[in-house]
Amino acid sequence: ELERERALEAGKNNDKERLTAVDYVNKAAEALSKMESTATVKDLILTAARIGIGDINTDEIRTAIADLTAEKEIIGLTNDKGDKRIITTPEMQRTEKEIIDNIRAGVKNVTPLMSQEKAIETAEKYETLSDNQREFVEKVLSSDSQFLIVQGYSGAGKTFAAAKVTDEAKELGFTIRALGPTAAAARELGNSTGVEGQTLSRYFKQSDEKLDFQQGKEIWLVDEASMI
C-alpha cells in the first residue's frame, strides 16, 4: 500500500495548467506500471480519479481509456478466465520482452556450482529443510542457467533455503549479494542470509571501480524481483 501511495504521489501533477483526462490516465498507467506489468481497468480508473481528483470524472476517464486503447497506447489483454478487463502499455510489453529475452539467453550459460548428484547429497544433509526447500537448494547448486526464479507464498521458507545456498556457495569461493528493490526487502534478506543487504539503486549507484562482479564468481539473491 505504501508503494502504491508513493506511485500515486509521483504521478500527481504540480503544474497549474489543467491536464486532460488522457493525461491523467497516462499518469495513472505510469504509476501502476511501477508495481505490476499489468493492471485492471478498475484500478486504472480509480488511480486516474485519485490523481486527477476535482479535475475529471469517471465518464471522462472511461472515454480517455477508450481513446488510448483505439490508439494502441493502452493494450487490452485477456486472462486465462477470458476476462478482458486487464490492460498494459507498449512500454511494459517491451520491458517484459527484454526480461524474457535475457532469461532465455542465460539458459545453459554458466558452470554449475556442483554436479546434480553432489547437489542432492548437499541438500539432504540439511534435515530441517522441507522437501520443497531441499529441491530449491539442489536446483540452485546444480543449475547451469544464469537466472533462477523462485516463487512461493510468504512464510514458505524461501529465504531460509536461500541461506543454505549462501553457506555452500561461500565455501566454494563465491561472493554473495543480497539485493532488493526496497530497503526493507534488502535488510530482511541480508539478515536471513548473513550477508549485508543493499537496495538495487544503492548498489548500482556505486562507482565503476567498486562494481567488481565481472572479476569474480558471484551469486545475486534478489528479493521481491517482481517489483523491479
Side-chain angles (χ1 to χ4, degrees), residues 1-12 14 26-39 47 88-113 136 139-141 143-152 154 158-228:
E1 185 61 30
L2 179 59
E3 291 296 326
R4 180 180 293 273
E5 291 300 325
R6 288 175 178 172
L8 288 171
E9 189 65 29
K12 291 181 179 179
N14 293 322
N26 278 329
K27 285 182 173 292
E30 180 182 357
L32 290 170
S33 70
K34 294 181 184 298
M35 298 172 288
E36 299 286 348
S37 59
T38 63
T47 304
T88 189
T89 65
E91 180 181 0
M92 284 310 304
Q93 285 193 325
R94 287 191 292 270
T95 299
E96 290 283 292
K97 183 179 183 303
E98 183 179 347
I99 291 172
I100 292 171
D101 288 345
N102 286 335
I103 291 175
R104 285 175 174 168
V107 174
K108 298 184 183 300
N109 196 34
V110 297
T111 302
L113 275 71
F136 170 101
K139 293 290 187 184
V140 174
L141 294 178
S143 175
D144 59 3
S145 293
Q146 189 173 8
F147 303 100
L148 293 174
I149 300 173
V150 180
Q151 185 174 1
S154 176
K158 301 184 297 296
T159 304
F160 184 69
K164 308 308 179 187
V165 172
T166 298
D167 292 341
E168 297 297 329
K170 282 182 177 179
E171 287 192 13
L172 295 172
F174 280 80
T175 296
I176 312 298
R177 299 192 188 277
L179 304 169
T182 66
R187 182 171 56 251
E188 181 176 352
L189 181 60
N191 291 340
S192 298
T193 57
V195 179
E196 180 186 2
Q198 286 184 294
T199 62
L200 286 159
S201 60
R202 178 187 172 191
Y203 179 64
F204 286 117
K205 283 180 181 177
Q206 296 179 90
S207 65
D208 292 338
E209 290 75 16
K210 292 183 179 180
L211 290 176
D212 57 356
F213 56 85
Q214 293 180 333
Q215 302 174 24
K217 302 183 296 183
E218 295 209 4
I219 292 178
W220 290 13
L221 303 174
V222 183
D223 198 13
E224 302 290 354
S226 62
M227 294 175 60
I228 300 173

Salt bridge (charged side-chain N to carboxylate O under 4.0 Å, His left out) contacts touching residues 88-98 (sequence neighbours left out):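 Residue pairs passing salt bridge (charged side-chain N to carboxylate O under 4.0 Å, His left out), neighbours aside: K97-D101.
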Under the salt bridge (charged side-chain N to carboxylate O under 4.0 Å, His left out) test, residues paired with D144 that sit two or more places apart: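 Once residues adjacent in sequence are excluded, the partners of D144 under the salt bridge (charged side-chain N to carboxylate O under 4.0 Å, His left out) criterion are K108.
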Sequence neighbours excluded, which residues qualify as salt bridge (charged side-chain N to carboxylate O under 4.0 Å, His left out) partners of E168?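 Only K125 meet the salt bridge (charged side-chain N to carboxylate O under 4.0 Å, His left out) criterion with E168.
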With sequence neighbours left out, what residues match [X] under side chain to side chain contact (heavy atoms under 4.5 Å, CB included)?
X: T166; result: K170, I176, T193, V195, L221
X: A29; result: L44, T89
X: K139; result: E135

Which pair of heavy atoms, one from A163 and one from S192, lies closest together, and at what distance?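 Looks like CB-O, 3.5 Å.
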S143 and S145: which non-hydrogen atoms are nearest, and at how many Å?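 So the two residues come closest at OG-N, 3.0 Å.
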Check: T199 side chain, A183 main-chain N or O, donor-acceptor pair, under 3.5 Å: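 Looks like no, no N/O pair under 3.5 Å.
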Does V150 offer a backbone N or O that forms a donor-acceptor pair with the side chain of K158 under 3.5 Å?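 Such a contact is absent between K158 side chain and V150 backbone.
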[atom1] of [X] to [atom2] of [Y]: how many Å apart, nearest 0.5 Å?
X: L200; Y: T182; atom1: CG; atom2: OG1; result: 9.5 Å
X: F147; Y: N109; atom1: CZ; atom2: CG; result: 8.5 Å
X: E224; Y: E188; atom1: CD; atom2: CD; result: 8.5 Å
X: K217; Y: L113; atom1: NZ; atom2: CG; result: 7.5 Å
X: R177; Y: E218; atom1: CZ; atom2: CD; result: 4.0 Å
X: Y203; Y: E196; atom1: OH; atom2: CD; result: 11.5 Å

